[in-house]
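Quick note: numbers below take in every heavy atom, side chains included, and nothing from hydrogens, waters or symmetry partners.
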Amino acid sequence: MFSSKEEFKETFLRRLEMTYGKSFDQISRKDQFYILGQMVKEYISKDWIASIEKTRASKTKQIYYLSIEFLPGRFLGSNVLNLGIMDVLSEGLKDLGIDLSEIEDAEADAGLGNGGLGRLAACFLDSLASLSLPGHGCGIRYKHGLFEQKIIDGYQVEYPEHWLHGFVWEVKKPNLAVEVPFWGKVESYTEDGKLKFRHVDAVKVLAVPYDVPVVGYQNKIVNSLRLWSAEPTIYPGLEDVARYKRETEAVTEFLYPNDTHDEGKILRLKQQYFLVSATLRSIIRSFRKKYIDIELFPEKVGLHINDTHPVLAIPELMRILIDEEGLSWEKAWSITTNTISYTNHTTLSEALERWPIRIMEPLLPRIFMIIHEINERFCEELWDAYPGSWGLIESMAVIAHGEVKMAHLAIAGSFSINGVAKLHTEILKHREMRNFYQFYPHKFNNKTNGITHRRWLLKANPELSALISEAIGDGWIKHPEQLENLKGFSSDQTFLEKLISIKRKKKEQLASRMLKNAGIQVDPHSIFDIQVKRLHAYKRQLLNVFHIMYLYNRMKEDKYFKPYPRTFVFGAKASPGYYYAKKVIKLINSLAEKVNSDPEVNPYIKVVFLENYNVSLAEEIFPAAEISEQISTASKEASGTGNMKFMINGAVTIGTLDGANVEMAERLGQDNIFIFGLRSEEVLNYQSSGGYRPYDYYHADDRIHLICSQLINGFFPDAEEFEPIYDSLLAENDQYFVLRDFSSYIERQKDVSDAYQDQLSWTKKSLMNIAMAGFFSSDRTIQEYADGIWKIQPI
Ligand code: 26V
């Protein structure tokens, strides 16, 4: 149906008519999307089935990437692109008077994630399939993904979102459903003279898989993303069936909107076990269909856990191997620890998961028993290595002070532990996980994050992609490192001018979006300076705000001070319970109101907060950016991946030496990135030895003094509104060193403004950023995982 545009048009029109019984021009975009999506899904299914058959026949090792979050965004555009049917489709639609992008806009984002961790998982799936690697995603089919954000009176208000309405890509597989048990108790019995255990009197939840195809880039490979949904079982054997139904469905109702802050809610633990147990039961079942010898398991299956959220895969695999497969503890442990690999995504202590025994034990009695045994044996091993070192052993134990420490369990039970950028891995090895690194040096390794350049450049920025292909050929699409050949154009004036005009076009498009969404008119000639990411104190949106307030204040003090015009764009969701983060959103909006309505300053600066930042909005933002704000307190951002999306679209970074910024700077050289602020060593030393006194900066620097005062002196309409922010800096000792880094940030921002005014030399910087971004493709990252951790080969 996609072999020619005529054939496509005919099928499309016929199906629209058959389904809706209306004439073409009466059919809404949503309905058009639905039909087109169905057609594309059907088209995928042939390759999908063939891919499944191929892996079944070849018996190669399969990787399962377990993640509590996946953030793929929309599928239509990227599927069409990866299938190689873009031209037929857009030409055909053009004949019908429709732009493909209008239909794409009718698709809701699949937003089953909070931020970087979930988006990384989605980029990885794209790269796995595009590299023809046998790797599949395993996650949860939340009925509601991350909340929809509205800004009302400057405040964030959350609404449930409904991504499943019109979601065409999934295939429900009810015959593959499995039961997941909760509560109940453990019973022991003997069989053939052996002591055995079983979980009885459990409340069972049915886990039903829905498979979503993951299409590789023009290689006919289609992997799967399996999302599990909770349903009641038919015979729960319970009195209060209504309650049972409610509680069952609640398991996959909502994605928890926290990132980094561990709330320890029982429903979240239920979600984690639900994912892990359903996934493992289905993997073991298909393994058993192919192989007799269970000891082949680590050779044929790799389980990768994305952060500690799926770490119960360790005790669950132990349980299956011991209770169901009848293996000894030692055999089971050897299989488990050779199957599981783990990625750590943060060193922030508030994000380290710990579950109180009193919650875990009743909910998952057999699993807790196994964790207890893992802990006993692990502590014995530690004792052999460090006899008498009670304090050390306690600090490394899996269970201590009435809690299960999920990161410790992950380290003890896996063969590989990786950080997500060089600096992050070093911090893990030498600080946060120092003791574990000494005990298991061979387990630790680095895999610097990446992004799929197909979504974030080829799809999001077709104009730039065309220019690149015109210059260096289209080999970069499969081999992103070839982007480096663009360096040869850094003195080619015609090329640079084309680059400028593309950036201008993307800025104009974003300007219309800002007018439409935020009602703010901005000048596309101004510098587009953008910070989009989750709102968190350590990411320091506040520092960005302080720069804007500084410019405002200077303009007010000195009528001859006219900064180069800039548009400051923010996009950020705050966790609904994160009080401080929500205050910062309000602050950005209050500042926007003040700045944008003041004719003395608004020709020079504008502030725009774009509500509901998500993947599809991000695809419009990155191509239009000129300055990328990556200004986290050094040592706190494990990697960052937004930084890479900006870079590959030619934005120039102002940032700290944190996360992957360090590796960007290494590749770019100091002329092509603006680095400022404390180094991670300095931050960590301040934190361990003290000595930072924000009041010193407050008293010594008039600019800081004024800005801090403005938070509480009525400069903003409600003088009390921002007191908590003021207090975070002065009363609570400015944990994230905003005041400490202020002056270095302001200086660097001045350098940025100066550099921008030499348009050609700025555009060279932009070009260098694009040219050096190939390394940050997730194809490179995934190849490193495949070679270094998983040991898998292309299908
Ligand atoms: C942690 C927690 C803690 C328990 C409660 C719920 C929850 C939900 C998500 C997380 C994950 C936080 C870690 C995270 O998202 N890290 C980000 O991972 C990105 C991909 O590796 C990386 O680029 C970011 O720097 C890092 O902050």
How would you list all residue pairs meeting side chain to side chain donor-acceptor pair (under 3.5 Å) that involve residues 79-93, not counting sequence neighbours?
Asn82-Asp126
Side chains of Thr343 and Asn306, donor plus acceptor under 3.5 Å
no
Is it the case that the side chain of Asp31 and the backbone of Leu16 share a donor-acceptor pair, with hydrogens and angles ignored and the cut-off at 3.5 Å?
no
Between Arg14 and Glu17, is the closest basic N to carboxylate O distance under 4.0 Å?
no
Does a side-chain heavy-atom distance below 4.5 Å link Phe622 with Ile648?
no
Min side-chain heavy-atom separation Arg119-Arg455 under 4.5 Å:
yes
Under a 4.5 Å cut-off applied to non-hydrogen side-chain atoms, are Val168 and Phe75 in contact?
no
Could you tell me whether the side chain of Thr19 reaches within less than 4.5 Å of the side chain of Tyr34, counting heavy atoms only?
no
Verify, without hydrogens or angle tests, whether Thr252 (side chain) and Ser229 (backbone) share a donor-acceptor contact under 3.5 angstrom.
no
Give a yes or no answer on whether the side chain of Ser469 reaches the backbone of Ala466 with a donor-acceptor pair at less than 3.5 Å.
no
Go through the steps to decide whether Leu13 and Leu96 satisfy the test side chain to side chain contact (heavy atoms under 4.5 Å, CB included), and finish with yes or no.
CA-CA 9 Å; Leu13 290 177; Leu96 302 172; 3.9 Å; yes
Gln759, CD: over 12 other non-hydrogen atoms inside 6.0 angstrom
no
Evaluate the side-chain proximity of Val569 to Val522: yes if any heavy-atom separation is below 4.5 Å, no if none is.
no
Compare every heavy atom of Leu112 with every heavy atom of Leu71, then report the nearest pair and how far apart it is.
CD1-N, 4.0 Å
Which value, rounded to the nearest 0.5 Å, describes the distance between Gln482 atom CD and Asp474 atom CG?
9.0 Å
Side-chain donor/acceptor of Ser777 to backbone N/O of Ala773, under 3.5 Å:
no
Could you check Tyr64, Trp790, Tyr65 and say which one makes a side-chain contact (heavy atoms from CB on, under 4.5 Å) with Leu303?
Tyr64
Can Arg56 and Glu53 be said to form a side chain to side chain contact (heavy atoms under 4.5 Å, CB included), step by step?
CA-CA 5 Å; Arg56 186 172 297 154; Glu53 283 306 319; 3.3 Å; yes
Is atom NZ of Lys143 surrounded by more than 12 heavy atoms (other residues, nucleotides or ligands) closer than 6.0 Å?
no
For a quick check under 3.5 Å, do Arg29 and Gln32 share a side-chain donor-acceptor pair by atom type?
yes
Taking all non-hydrogen atoms of both residues, which atom of Glu170 and which atom of Lys41 are closest, and how far apart?
O-NZ, 3.1 Å
Spacing of OG belonging to Ser465 relative to CD1 belonging to Ile477, to within rounding of 0.5 Å:
7.0 Å
Within 6.0 angstrom of Lys516 NZ, more than 12 heavy atoms from elsewhere:
no
Hey, are Glu42 and Gln38 close enough side-chain-wise for a donor-acceptor pair under 3.5 Å?
no
State whether a side-chain donor-acceptor pair under 3.5 Å links Lys573 with Asn612.
yes
Examine the side chains of Asn449 and Thr641 and answer whether a donor and an acceptor come within less than 3.5 Å of each other.
no
Between the main-chain N or O of Asp779 and the side-chain N or O of Ser127, is there a donor-acceptor pair closer than 3.5 Å?
yes
Would you say the side chain of Leu76 lies within less than 4.5 Å of the side chain of Ile103, judging by non-hydrogen atoms?
yes
Flag yes if more than 12 heavy atoms outside Lys220 fall under 6.0 Å of its NZ atom; otherwise flag no.
no
Using only atom types and a distance under 3.5 Å, with no angle test, would you say the side chain of Ser130 pairs donor to acceptor with the backbone of Tyr217?
yes
Contact between Phe124 and Ser67 at the side-chain level, heavy atoms closer than 4.5 Å - yes or no?
no
Taking Glu158 for the side chain and Gln149 for the main chain, is one N or O donor matched with an acceptor at less than 3.5 Å?
no
Between CG on residue Asn769 and CG on residue Leu483, distance to nearest 0.5 Å:
12.0 Å
Restricting to non-hydrogen atoms, name the atom on Gln218 and the atom on Leu83 that form the minimum distance, rounded to 0.1 Å.
CG-C, 4.3 Å
Taking every heavy atom of Asp109 against every heavy atom of Glu161, the minimum-distance pair comes out as O-OE1, 4.0 Å
A quick test of your reading: do over 12 heavy atoms of other residues, nucleotides or ligands sit less than 6.0 Å from NZ of Lys300?
yes
Which heavy-atom pair separates Leu255 from Gly111 by the least distance, and what is that distance?
CD2-O, 4.0 Å
For the atom pair CD (Glu102) and CG (Leu93), what is the distance rounded to the nearest 0.5 Å?
9.5 Å
Ion pair Asp105/Arg74, N-O distance below 4.0 Å
yes
Side-chain heavy-atom pair Met514, Leu610 within 4.5 angstrom cut-off:
yes
Decide yes or no on side chain to side chain contact (heavy atoms under 4.5 Å, CB included) for Glu107 and Trp169, but give the supporting numbers first.
CA-CA 11 Å; Glu107 179 174 6; Trp169 307 107; 2.9 Å; yes
Please confirm whether the backbone N or O of Ile451 pairs with a side-chain atom of Ser778, one donor and one acceptor, at under 3.5 Å?
yes
The test is side chain to side chain contact (heavy atoms under 4.5 Å, CB included); show your working for Lys506 and Phe528 and say whether it passes.
CA-CA 11 Å; Lys506 302 314 278 183; Phe528 277 24; over 6 Å; no
Arg780 bridged to Glu481 by N-O distance under 4.0 Å:
no
CD1-CG distance between Ile770 and Leu467, expressed to the nearest 0.5 angstrom:
8.0 Å
Give, for atom CH2 of Trp163 and atom CD of Glu148, the distance between the pair rounded to the nearest 0.5 Å.
15.5 Å
Taking the inter-plane angle between the rings of Phe12 and Phe24 on a 0 to 90° scale, is it parallel (under 30°), tilted (30 to 60°) or perpendicular (over 60°)?
perpendicular
For the pair Glu626 and Lys503, find out whether any cationic side-chain nitrogen is under 4.0 Å from an anionic carboxylate oxygen.
no
Could you check whether atom NZ of Lys173 has more than 12 heavy atoms from other residues, nucleotides or ligands sitting under 6.0 Å from it?
yes
Could you check Asp523 against Lys606 for salt bridge (Lys or Arg N to Asp or Glu O under 4.0 Å), going step by step and ending with a plain yes or no?
CA-CA 9 Å; Asp523 178 2; Lys606 281 263 170 82; over 6 Å; no
Under the 3.5 angstrom rule, does the side chain of His144 hit a backbone N or O of Glu253 as a donor-acceptor pair?
no
Can you find a side-chain donor-acceptor pair between Asp211 and Ser224 that sits under 3.5 Å?
no
Please check this pair: side chain of Asn649 against backbone of Trp456, looking for a donor-acceptor N/O pair closer than 3.5 Å.
yes
Does Glu6 come within less than 4.0 Å of Lys9, counting only side-chain N to carboxylate O?
yes
Heavy-atom nearest pair, Asn461 first then Pro623, reads ND2-CB, 3.4 Å
